[in-house]
There are 2 protein chains.
Amino acid sequence: MSKKKQDLVDHAESLFYNYGIHAIGLKRIVTEANVALMTMYNHFESKEDLVLEVLKQREDRYFDLLRSHVNTSDNQALAIARAHSEWLRSSRQNGCMFLRAKEEYSDPTHPINTYVVAHKEALLAFVKKENFNHEDAMRLVLLLEGATSLAEVVDVDEVATQLQSMVTTTIGE
Amino acid sequence: MSKKKQDLVDHAESLFYNYGIHAIGLKRIVTEANVALMTMYNHFESKEDLVLEVLKQREDRYFDLLRSHVNTSDNQALAIARAHSEWLRSSRQNGCMFLRAKEEYSDPTHPINTYVVAHKEALLAFVKKENFNHEDAMRLVLLLEGATSLAEVVDVDEVATQLQSMVTTTIGE
DNA sequence: TTAGAAATATAATGATCGTTCTATTTATCA
DNA sequence: TGATAAATAGAACGATCATTATATTTCTAA
């Protein structure tokens with residue numbers, strides 16, 4: 001991945017996350033990334049293609065974070081909750097970018113929509129892989145998503161504390 | 001509220017919820033509502049003004065539903081969870097419209113942003129009014145928001161079942 | 001040094017955005 | 001019926017949208 005291309009992805013992710021995909025034009029992205037518009041079309045087929053690359057890189061970072069916590073703990077539920085707390089603390093609180101992308105492209109046949117659905121199914125599968133049954137996996141993910149939303153209105157540190165507490169008492173070890 | 005004005009609000013709410021605010025133009029709204037564009041500007045100062053009216057009516061409906069359940073139950077936490085489940089079941093699963101509006105207008109001084117923050121603070125206050133302390137109120141709202149998000153990916157009935165179960169075991173009666 | 005690739009600036013495309021203006025028609029009600 | 005208000009169609013505004021074309025410059029590697 002060339003430096004220019006990565007700059008585009010990074011600035012696109014930040015702007016899309018802060019304002020939404022439809023709300024941000026390509027001109028704003030290339031300007032802030034110090035890249036020519038034609039360079040963007042040299043690297044990506046379309047805006048939709050850029051969005052998908054943003055989501056793909058973000059997904060990789062998220063699962064890498066989850067894995068690094070799970071691999072160094074013996075309480076997998078709490079490890080996931082701690083990883084998610086760290087994820088939340090590391091950026092602005094503007095909700096889950098994956099769900100927001102799905103909500104903007106709510107046609108279930110749209111590539112962005114199907115990508116997000118697959119991402120959330122991958123998250124559920126990740127949890128189940130750590131020896132949680134279907135019900136506990138759903139409960140854990142519900143708590144993670146609730147923390148992401150609540151942190152938009154309540155201080156993220158307070159939310160993280162409650163998340164970890166609730167996961168400990170709710171999810172069967 | 002004249003019939004034409006209410007038609008505008010209803011169709012705007014549906015379109016905004018399904019696709020997002022920036023993604024929907026006023027032309028689409030007035031066309032589907034069978035109303036002239038100038039009629040919309042006769043009733044609302046701007047698109048932002050229309051958005052605020054949509055949120056206001058939606059907020060009224062949501063709190064009315066919460067109140068009706070709380071007033072006919074002695075388990076207030078479960079009553080709120082049941083009301084929220086009914087709310088989710090009664091429409092498409094595209095997330096919390098209030099948080100989504102806030103996310104699209106993430107400038108904390110924007111009227112839409114401040115309206116949503118006030119709405120979520122009102123929700124927390126509503127819960128606290130039912131004899132829940134600050135911590136339990138936050139936990140309950142976290143569970144509600146988590147259910148809203150999870151229902152975008154998992155069958156809403158399954159989510160509602162888990163929500164009510166988690167509320168019962170998590171929130172001190 | 002030089003050939004080929006990458007990135008650039010600029011302009012044009014047709015479409016849509018929110019908003020405003022004008023002029024005409026329709027509905028309401030005393 | 002006649003007066004007042006509500007709603008209408010249609011065009012125009014300047015701005016921005018995603019995308020494409022053209023032509024020039026900068027970088028890179030042999």
Side-chain angles (χ1 to χ4, degrees), chain A residues 1-56 100-107 109-113 115, chain B residues 1-56 100-107 109-113 115:
Chain A
M1 174 102 43
S2 78
K3 182 183 180 304
K4 289 283 180 184
K5 184 172 184 181
Q6 191 59 52
D7 284 349
L8 278 170
V9 174
D10 292 342
H11 284 84
E13 176 172 358
S14 171
L15 288 167
F16 288 155
Y17 183 70
N18 284 334
Y19 303 102
I21 298 169
H22 283 92
I24 293 296
L26 295 174
K27 204 154 207 171
R28 174 106 184 255
I29 296 172
V30 299
T31 298
E32 300 202 5
N34 263 6
V35 165
L37 179 60
M38 278 313 297
T39 302
M40 130 81 197
Y41 276 102
N42 186 21
H43 287 298
F44 300 98
E45 284 189 356
S46 62
K47 184 184 186 181
E48 170 188 321
D49 191 29
L50 172 60
V51 172
L52 288 169
E53 178 63 26
V54 165
L55 295 180
K56 176 172 160 25
R100 287 176 55 203
K102 176 177 182 289
E103 290 152 1
E104 286 199 55
Y105 296 89
S106 59
D107 173 2
T109 70
H110 193 286
I112 293 178
N113 191 293
Y115 187 93
Chain B
M1 173 103 43
S2 77
K3 182 184 179 305
K4 290 281 180 184
K5 184 172 184 180
Q6 190 59 52
D7 285 348
L8 278 170
V9 174
D10 292 342
H11 283 84
E13 177 172 358
S14 171
L15 288 166
F16 288 155
Y17 183 70
N18 284 334
Y19 303 102
I21 298 168
H22 284 92
I24 293 295
L26 294 174
K27 205 154 208 172
R28 173 104 184 256
I29 296 173
V30 299
T31 298
E32 300 203 4
N34 263 5
V35 165
L37 179 60
M38 277 313 298
T39 302
M40 130 83 197
Y41 275 102
N42 185 21
H43 287 299
F44 301 97
E45 284 189 357
S46 61
K47 183 183 185 181
E48 170 188 320
D49 191 29
L50 172 60
V51 172
L52 287 169
E53 177 63 26
V54 165
L55 295 180
K56 176 172 159 25
R100 287 176 55 203
K102 177 177 182 289
E103 290 152 0
E104 286 200 54
Y105 297 88
S106 58
D107 173 1
T109 71
H110 193 287
I112 293 178
N113 191 295
Y115 187 94

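Note that the coordinates shown come from a computational prediction; the quantities given were computed from them, not determined experimentally. Lettering follows sequence order; numbering is per chain, from 1.
- Nearest-nucleotide positions on DNA chain D place B/Lys27 closer to the 5' end than the other of A/Met38 and B/Lys27.
- Backbone-only contact: A/Asn34 has heavy atoms under 4.0 Å from sugar-phosphate atoms and none from a base.
- Straight-line distance from the CG atom of A/Leu26 to the C1' atom of D/dT19: 9 Å, rounded to whole Å.
- Distance, B/Asn42 CG to C/dT19 C1': 14 Å, rounded to whole Å.
- Atom CE of A/Met1 and atom P of C/dA7 are 12 Å apart (whole Å).
- Heavy atoms of B/Leu50 sit nowhere under 4.0 angstrom from any nucleic acid atom.
- Using a 4.0 Å cut-off, some side-chain N or O of A/Lys4 falls inside it from OP1 or OP2 of C/dT8.
- Here CD of A/Glu48 is found 10.5 Å from CG of A/Leu50. Values are rounded to the nearest 0.5 Å.
- Taking atom CD1 of residue B/Ile21 and atom P of nucleotide C/dT16, one finds them 21 Å apart after rounding to whole Å.
- Side-chain contact check for B/Lys56 versus B/Leu52: every heavy-atom pair is 4.5 Å or farther apart.
- Checking side-chain atoms of B/Glu104 against main-chain N and O of B/His22 turns up a donor-acceptor pair under 3.5 Å.
- In this structure, B/His43 reaches the sugar-phosphate backbone alone: every heavy-atom distance under 4.0 Å involves primed, P, OP1 or OP2 atoms, never a base.
- Ion pairing of B/Glu32 with B/Arg28 is present here, as a side-chain N (NZ or NE/NH1/NH2) and a carboxylate O approach within less than 4.0 Å.
- Between A/Tyr105 and A/His110, the ring planes are tilted. Angles from 30° to 60° get that label.
- With rounding to whole Å, B/Met40 atom CE is found 14 Å from D/dA7 atom P.
- In this entry the distance linking CG of A/Leu37 with C1' of D/dA18 reads 9 Å, nearest Å.
- Of the listed nucleotides (C/dG18, D/dT19, D/dT8), D/dT8 has the atom at the smallest distance from the side chain of B/Val35.
- Distance, A/Lys3 NZ to D/dT28 P: 12 Å, rounded to whole Å.
- A straight line from OH of B/Tyr41 to C1' of C/dC17 spans 9 Å, rounded to a whole angstrom.
- Counting any heavy atom pair closer than 4.0 Å across all strands shown, B/Ile29 reaches no nucleic acid atom.
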